[in-house]
There are 2 protein chains.
Amino acid sequence: MTPALPQPTRAELAILRVLWKLGPCTVRQVHESLRDTQDKDTGYTTVLKLLQNMTEKGLVQRDESERTHVYEAALSEKRTQRDLLRDLMDRAFGGSATTLVAQALSMKRASAEELAEIRKLLDEHEKRGK
Amino acid sequence: MTPALPQPTRAELAILRVLWKLGPCTVRQVHESLRDTQDKDTGYTTVLKLLQNMTEKGLVQRDESERTHVYEAALSEKRTQRDLLRDLMDRAFGGSATTLVAQALSMKRASAEELAEIRKLLDEHEKRGK
DNA sequence: CGACATCTACGACGCTCGTCGTTGACACTT
DNA sequence: AAGTGTCAACGACGAGCGTCGTAGATGTCG
C-alpha cells in the first residue's frame with residue numbers, strides 16, 4: 001500500500017491540476033497556467049512557496065538537476081481523486097457510496113450523454129463483478 | 001436562491017452530523033454523542049466554541065429562550081451534501097459528474113444491492129428528465 | 001442563605017495555510 | 001566588468017481553525 005500522503009489543500013490541488021494537465025513544469029509555467037485558468041491571480045513567489053511545501057510533504061517531486069527546477073505530481077490524478085472522494089464520503093455521507101452517487105445525479109441535471117456514459121460504467125462494473 | 005453559507009470545516013461537519021441524526025441538541029448532548037462516535041475525544045468547551053462559531057457563520061441556529069441553549073442545523077443534510085459534492089467536483093474533477101461517479105464506483109466494489117439501487121436512481125432520473 | 005454544579009462567554013495559544021518582500025546566487029548582454 | 005533579469009531560498013505576517021483555561025452568570029440542594 002502507498003503510504004497515504006497528506007491531503008492537498010485547495011491551493012495545492014489547483015497546482016496539481018496544472019501539473020496533471022501539462023506534465024512536469026517549472027514554477028513559471030505553473031504560475032502562468034494558473035494566471036490563465038484562475039479567477040484570482042497568485043503571485044509568483046506564492047506558487048513557488050506552495051510547490052516547496054508540497055515537495056516537503058511529498059505531493060510533488062522536484063528535479064533540481066538544472067538551475068530551473070522542474071516539478072511533477074507525485075500521485076496520479078485518479079488516485080488523488082479517489083482519496084479525496086473517499087474522504088468526503090466518510091465525512092459527509094457516512095461512508096455510503098450510494099447516497100453519494102444519488103446526490104451527484106440529483107445535483108446536476110446530467111445531460112443525456114452523461115447519463116448514458118454512467119449507465120455504461122454501471123454495466124462494466126457489474127460485468128467485472130461476476 | 002439560498003445565500004450559500006460558508007463550507008463547514010471537518011470538526012464542524014462532525015457536529016452537523018450529530019445534529020442531523022439527533023435533531024436539535026444542547027451542547028452537552030452534542031458533546032456526548034461525539035464522545036461515542038468519535039475516535040479522538042473533544043473537550044466540552046471546544047464543542048461549545050465550535051457551536052458558537054457556527055452560529056456566527058449561520059451554519060446552525062440557536063434557541064436561547066432557555067438557559068441551556070439548543071442548537072439546530074441551519075441547512076438540511078442533503079443540501080449540505082450537495083454543496084460539498086459540488087465543491088469537490090469543481091475542484092478535483094473539472095466539473096465532470098461522470099468522472100466523479102466513475103471514481104465512486106471504482107473505489108468501492110459496490111455490492112449488488114447498491115448497484116441495483118443506483119440503477120434505479122438512474123431510471124428515475126431519466127424519467128424525470130422527460 | 002450558602003455551597004456546589006452547570007452552563008455560556010471571553011480570551012489565549014499553537015498550528016497550518018496562503019501570501020508576499022527581500023536576499024543572494026547564477027546567467028546573459030553590452 | 002557592470003548592469004539587468006531570473007531564479008530559489010528564507011523569513012514574516014495575517015487569518016482561520018481547533019483547543020482549552022478561566023471567569024461569570026444562573027440554577028439546585030442542603
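Per chain, numbering begins at 1; letters A, B, ... match sequence-line order.
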N/O to N/O distances under 3.5 Å, protein versus nucleotides 12-14 of chain C:
none

Review point. Rounded to the Å, how far apart are A:Gln7 CD and C:dC17 C1'?
Key: 15 Å

Check your understanding: If you look only at pairs with a residue in residues 94-103 of chain A, which of them pass as a salt bridge (Lys or Arg N to Asp or Glu O under 4.0 Å), with sequence neighbours excluded?
Key -> none

**Study point:** Close approaches to DNA chain C from residues 20-28 of chain B, in residue order (heavy atom, under 4.0 Å)
**Key:** B:Val27, B:Arg28

Review point. With no hydrogens and no angle check, is any side-chain donor or acceptor of A:Thr37 less than 3.5 Å from a backbone partner on A:Leu34?
Key: no

Review point. Tell me, which of residues 50-72 of chain A have any heavy atom that sits under 4.0 Å from an atom in DNA chain D?
Key: A:Gln52, A:Arg62, A:Arg67, A:Thr68, A:His69

Practice item. Starting at atom NE2 of B:His31, determine the distance to atom P of D:dG18, rounded to an integer number of angstrom. Key: 16 Å

Point to revise | Residue pairs involving residues 29-61 of chain B (criterion ring-ring contact (aromatic ring centres under 6.0 Å, His included); sequence neighbours excluded) | key: B:His31-B:Tyr44

Review point. Just checking B:Tyr44: base, sugar-phosphate only, or nothing, at a heavy-atom cut-off of under 4.0 Å?
Key: base

Point to revise | Non-neighbouring partners of A:Thr99 that pass side-chain hydrogen bond (donor to acceptor under 3.5 Å, both in side chains), sequence neighbours left out | key: A:Ser96

Check your understanding: Which nucleotide in the set C:dT19, C:dC7, C:dG18 lies at the smallest distance from any side-chain heavy atom of A:Thr42?
Key -> C:dT19

Exercise for review: Mind checking side chain to side chain contact (heavy atoms under 4.5 Å, CB included) for A:Gln52 and listing every partner two or more places apart, or none if nothing turns up?
Suggested key: A:Leu48, A:Lys49, A:Arg62, A:Tyr71

Check your understanding: Which distance, rounded to the nearest 0.5 Å, do you find between the OG1 of B:Thr80 and the CG of B:Leu59?
Key -> 8.0 Å

Point to revise | B:Asp63: partners by side-chain hydrogen bond (donor to acceptor under 3.5 Å, both in side chains), with sequence neighbours left out | key: B:Ser65

Check your understanding: Got a sec, which residues hit side-chain hydrogen bond (donor to acceptor under 3.5 Å, both in side chains) with A:Asn53, two or more places apart in sequence or on another chain?
Key -> none

Practice item. Check side chain to side chain contact (heavy atoms under 4.5 Å, CB included) between A:Ser76 and all other residues, then give those that pass, not counting sequence neighbours. Key: A:Lys78, A:Arg79

Exercise for review: Would you mind reading off the distance between A:Leu48 atom CG and C:dT22 atom P, rounded to a whole angstrom?
Suggested key: 16 Å

**Study point:** Residue list, side-chain hydrogen bond (donor to acceptor under 3.5 Å, both in side chains) with B:Thr42, at least two apart or on another chain
**Key:** none

Using atom types as modelled, flag every donor-acceptor pair under 3.5 Å from a side chain in residues 4-26 of chain A to any protein atom, sequence neighbours excluded.
unit_1: A:Thr9; atom_1: OG1; unit_2: A:Glu12; atom_2: N; d: 3.4
unit_1: A:Thr9; atom_1: OG1; unit_2: A:Glu12; atom_2: OE1; d: 3.4
unit_1: A:Arg10; atom_1: NH2; unit_2: B:Asp87; atom_2: OD1; d: 2.5
unit_1: A:Arg10; atom_1: NH2; unit_2: B:Asp87; atom_2: OD2; d: 3.0
unit_1: A:Glu12; atom_1: OE1; unit_2: A:Thr9; atom_2: N; d: 2.9
unit_1: A:Glu12; atom_1: OE1; unit_2: A:Lys57; atom_2: NZ; d: 3.3
unit_1: A:Glu12; atom_1: OE2; unit_2: A:Lys57; atom_2: NZ; d: 2.6
unit_1: A:Arg17; atom_1: NH1; unit_2: B:Ala92; atom_2: O; d: 3.4
unit_1: A:Trp20; atom_1: NE1; unit_2: A:Leu75; atom_2: O; d: 3.0
unit_1: A:Thr26; atom_1: OG1; unit_2: A:Arg28; atom_2: N; d: 3.4
unit_1: A:Thr26; atom_1: OG1; unit_2: A:Gln29; atom_2: N; d: 3.2
unit_1: A:Thr26; atom_1: OG1; unit_2: A:Gln29; atom_2: OE1; d: 3.4

Exercise for review: Return no unless some side-chain N or O of A:Thr46 is found under 4.0 Å from OP1 or OP2 of C:dC20.
Suggested key: yes

Exercise for review: Could you tell me whether B:Thr9 contacts a base, only the sugar-phosphate backbone, or nothing, with contacts defined as non-hydrogen atoms closer than 4.0 Å?
Suggested key: sugar-phosphate

Practice item. Take atom CZ of B:Arg10 and atom P of D:dG18, then tell me their distance rounded to the nearest Å. Key: 10 Å

